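To start, the structure itself, in structure tokens.
The structure presented is a predicted model; accordingly, all values stated were derived computationally and were not measured. All heavy atoms count here, side chains included; hydrogens, waters and symmetry mates do not.
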Amino acid sequence: ENREDMLNSKSNKLTEALEEANKLFSGVSCAREAALDAQFLVLASNLGKEKANELHSEMTAFDSPAFAEDLLTFMGLNRIEVEESDSDNEGISGGYLPSNAWHKLGAETEKYFRRAPSFHYMLGSFKSDPPVPRQRIERQKKATGREEKRAMPAQLKKMEESHQEATEKEVERILGLLQTHFKNDPDIPISFFDLVIDPNSFARTVENIFHVSFIIRDGFARLKLDEDKLPIIGKI
């Protein structure tokens with residue numbers, strides 16, 4: 001929005017924006033904030049480059065190729081070896097940079113930039129081994145549809161019959177206990193909670209409530225409330 005004002009040589013808005021960004025960067029704690037800061041630096045660098053191209057010092061414009069040549073000289077560019085080895089390739093500019101050229105430039109420029117420490121492995125890089133081939137397990141062939149239809153209903157029917165028999169036996173057992181109590185003390189009802197609750201097993205308590213419900217449904221006992229509004233089981 002303020003591109004023209006920032007590119008003006010008499011304006012310091014670009015410098016003020018950079019100073020404000022440095023203050024804001026001290027409070028950065030999230031990756032998204034750091035990404036926005038990096039995006040701002042790219043934009044500010046482009047504006048700074050355009051502003052530098054418009055600068056004139058002693059009637060001389062900023063020459064980016066000359067600046068690049070100065071950087072190469074600072075990094076220790078050696079053009080002698082190239083001129084001797086590539087005598088046939090005339091007109092092609094080139095050179096030989098020493099192995100520590102970029103390290104030298106980085107060591108010089110890192111004092112002007114705040115950056116995160118470089119990442120390195122403590123025990124060398126991880127070597128990715130090829131995945132171990134998994135053995136293919138052949139599935140057993142399914143039986144024919146007719147055999148499945150014959151076997152499954154018989155198995156389910158057998159399970160239903162066994163479950164029904166167990167339920168009937170448990171209902172008969174609880175009914176026998178109630179009939180014995182009513183025979184000895186016909187006028188004294190039984191507390192519903194004392195009858196069904198098993199303090200050591202929640203599942204057993206639920207099963208007892210289920211079985212007692214059949215006795216009450218079939219009319220062998222009656223469920224009502226006492227004076228304290230608590231459920232009791234009495235004789236019909």
Side-chain angles (χ1 to χ4, degrees), residues 1-87 89-137 201-203 206:
E1 295 178 355
N2 302 326
R3 181 184 183 87
E4 295 181 358
D5 295 338
M6 289 188 176
L7 292 178
N8 189 0
S9 60
K10 298 180 180 180
S11 176
N12 293 327
K13 288 188 175 182
L14 182 59
T15 304
E16 294 174 358
L18 289 172
E19 293 177 353
E20 183 179 359
N22 288 335
K23 295 179 181 179
L24 295 176
F25 185 75
S26 61
V28 169
S29 59
C30 300
R32 177 57 181 166
E33 296 173 353
L36 291 174
D37 181 77
Q39 185 178 2
F40 167 76
L41 289 179
V42 173
L43 180 60
S45 300
N46 293 333
L47 292 175
K49 178 182 177 181
E50 294 183 15
K51 192 171 183 179
N53 290 332
E54 296 178 359
L55 292 178
H56 291 77
S57 177
E58 298 179 357
M59 302 303 293
T60 303
F62 177 76
D63 190 359
S64 55
F67 177 73
E69 289 291 336
D70 292 339
L71 283 180
L72 293 175
T73 302
F74 174 79
M75 295 167 65
L77 179 67
N78 187 0
R79 298 182 182 276
I80 299 177
E81 296 183 5
V82 177
E83 292 177 358
E84 293 177 355
S85 59
D86 298 340
S87 57
N89 299 329
E90 297 180 356
I92 301 178
S93 61
Y96 171 77
L97 285 174
S99 59
N100 64 338
W102 291 106
H103 294 283
K104 182 178 180 181
L105 179 61
E108 180 66 23
T109 58
E110 68 177 352
K111 65 181 70 174
Y112 303 103
F113 297 94
R114 298 180 59 185
R115 64 182 183 89
S118 59
F119 178 79
H120 64 281
Y121 295 100
M122 296 180 63
L123 299 176
S125 60
F126 292 101
K127 296 181 180 180
S128 58
D129 297 330
V132 180
R134 299 178 58 184
Q135 296 181 356
R136 184 176 180 180
I137 301 176
S201 175
F202 174 77
V206 175

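- Here the shortest heavy-atom pairing between Gly76 and Pro98 reads O-CD, 3.2 Å.
- We find the CG-CG distance between Leu71 and Leu77 to be 11.0 Å, quoted to the nearest 0.5 Å.
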Would you tabulate the side-chain donor-acceptor contacts of residues 101-108 under 3.5 Å, counting partners in other chains and residues two or more places apart, or write 'none'?
residue, atom, partner, partner atom, Å
Lys104, NZ, Phe74, O, 3.0

Could you tabulate the donor-acceptor pairs under 3.5 Å formed by side-chain atoms of residues 20-28, not counting sequence neighbours?
residue, atom, partner, partner atom, Å
Asn22, ND2, Leu18, O, 3.3
Ser26, OG, Lys23, O, 2.5

Side-chain donor-acceptor pairs under 3.5 Å in residues 38-49, sequence neighbours left out?
residue, atom, partner, partner atom, Å
Ser45, OG, Leu41, O, 2.7
Asn46, ND2, Val42, O, 3.2

